[in-house]
Number of protein chains: 2
Amino acid sequence: MTLSLPDLTKNQSLVFETLSQAEAPLSAYTILDQLRSEGFRAPLQVYRALDKLLEHGLIHRLESLNAFVACRHSHKHQGTTVFVICGRCGDVDELTDQVVNDQLMQRAVERDFTVESAMVELRGCCGSCSQ
Amino acid sequence: MTLSLPDLTKNQSLVFETLSQAEAPLSAYTILDQLRSEGFRAPLQVYRALDKLLEHGLIHRLESLNAFVACRHSHKHQGTTVFVICGRCGDVDELTDQVVNDQLMQRAVERDFTVESAMVELRGCCGSCSQ
DNA sequence: AACAAACACGTAATGTCATAACATATCGAT
DNA sequence: ATCGATATGTTATGACATTACGTGTTTGTT
């Protein structure tokens, strides 16, 4: 399950593994607590690793939760990622949608706006939890 | 310019006026500082007012900035609001887009997900700033 | 008018998320 | 072997938000 990837440093690997094994988004401080046994002592150790993992596209930050998740899809298919977040179980699904992406970019162009990053997050209740 | 609205309390009015006159999103603590001369002493005075204003739909919270703006449009036209945020001048534009809204809701329904709230924020550079 | 419930307010303390600043160590290419 | 770039360790601090508790004010009912 552990793919070998753009060589990660020890700290980066530890943080990535922690996120990969989590079933819900984790805050940086939760990650820190889980890695204390591995020698982590300070938030910055986590944040630095998170920054690199974000750069590599291996994880995502959920703005509405101030938390992080491991990326699930190989995001070769560019474009805006829509995060679908269940508030009950914490499960996060990712999807890319051409229509949403194109329409957002179109609306931006219309008003002469250059998009540098886009955030789309749906919060609610997933199918499993609403039964 | 100051419409009379669902009766706001003194604190709520002060916070709303502050946001209305601002040219960019303000953090709760920035609002607090601006209202110290009016007797504000603690963050909670601001947050409580913000909560009520959010309930009334008079302001919005920008998740990607941890900041707040006064609402510009009369949001009678329901649906997901797209925030278009310039990182240079801080200007925030709001728009509602039926296509984006419908598509997001469609994708949610497909996977049996009940949307409770949706956040769409575009960050980048506005036309004025890129000239 | 008297009362109770609901709401708003004041204040202090604390919790949560994130970065600045500075020192040291490790890796890679010449 | 050395130099530059990158990664790391540690402390302190900044920025955002809530809990807990007590008081005051409004409002609707009897």
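In what follows, chains carry the letters A, B, and so on, assigned in the order in which the sequence lines appear, proteins first and then strands, with residues in each chain numbered from 1.
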In whole angstroms, the gap separating P of C:dC17 from CG of B:Leu65 amounts to 18 Å

Testing D:dT10, C:dC17, C:dA18 for proximity to the side chain of A:Ala42, the answer is D:dT10

To the nearest angstrom, the CZ-C1' distance between B:Arg36 and C:dG10 comes to 14 Å

Regarding the side chain of B:Phe68, the nearest nucleotide among C:dC9, D:dA17, D:dT8 is D:dA17

Closest of C:dA21, C:dT11, C:dC17 to the A:Asn66 side chain is C:dC17

Here the distance between atom P of D:dA7 and atom CG of A:Leu14, to the nearest Å, is 15 Å

Tested for side chain to side chain contact (heavy atoms under 4.5 Å, CB included) against A:Thr80, the lone hit among A:Asn101, A:Val100, A:Val115 is A:Asn101

Rounded to whole Å, CZ of B:Phe40 lies from C1' of C:dC9 at a distance of 10 Å

Side-chain contact check for A:Tyr47: nearest option of C:dA18, D:dT18, D:dT8 is C:dA18

B:Ser27 has its side chain closest, among C:dT11, C:dA21, D:dC16, to D:dC16

side-chain N/O A:Lys52 vs D:dA7 OP1/OP2, d < 4.0 Å: yes

Here the distance between atom C1' of D:dC21 and atom CG of B:Leu44, to the nearest Å, is 12 Å

**Item:** Under 4.0 angstrom between B:Arg48 side-chain N/O and C:dT11 OP1 or OP2
**Value:** no

Atom CD1 of B:Ile31 and atom C1' of D:dA15 are separated, to the nearest Å, by 14 Å

Q. Which part of the nucleic acid does B:Arg41 contact within heavy-atom distance under 4.0 Å: base, sugar-phosphate only, or nothing?
A. sugar-phosphate

May I ask you to decide whether A:Arg48 forms a salt bridge with A:Asp51, counting only side-chain N to carboxylate O separations under 4.0 Å? no

With the side chain defined as heavy atoms from C-beta on, B:Gln12 is closest, among C:dA8, D:dT11, C:dG10, to C:dA8

Original post:
Between B:Gln45 and C:dG10, is there a side-chain N or O to OP1/OP2 distance below 4.0 Å?
Top reply: yes

Note to self: Whether A:Tyr29 contacts C:dT16 is assessed here as follows: a side-chain N or O lying under 4.0 Å from the phosphate OP1 or OP2. Is that the case?
What the structure shows: no

B:Arg111 atom CZ, neighbour heavy-atom count above 12 within 6.0 Å: yes

B:Leu35 CG to C:dC9 C1', in whole Å, measures 15 Å

Report task. Would you kindly say whether B:Ser64 and B:Glu121 are connected by a side-chain donor-acceptor distance under 3.5 Å? Result -> yes

| message | Are B:Gln106 and B:Asp102 packed together at the side-chain level, in the sense that at least one heavy-atom pair is separated by less than 4.5 angstrom? | response | no

- request: Give a yes/no answer on whether the side chain of B:Thr9 brings an N or O atom under 4.0 Å of OP1 or OP2 in C:dC9.
  value: yes

In whole angstroms, the gap separating P of D:dC16 from CG of B:Asp51 amounts to 16 Å

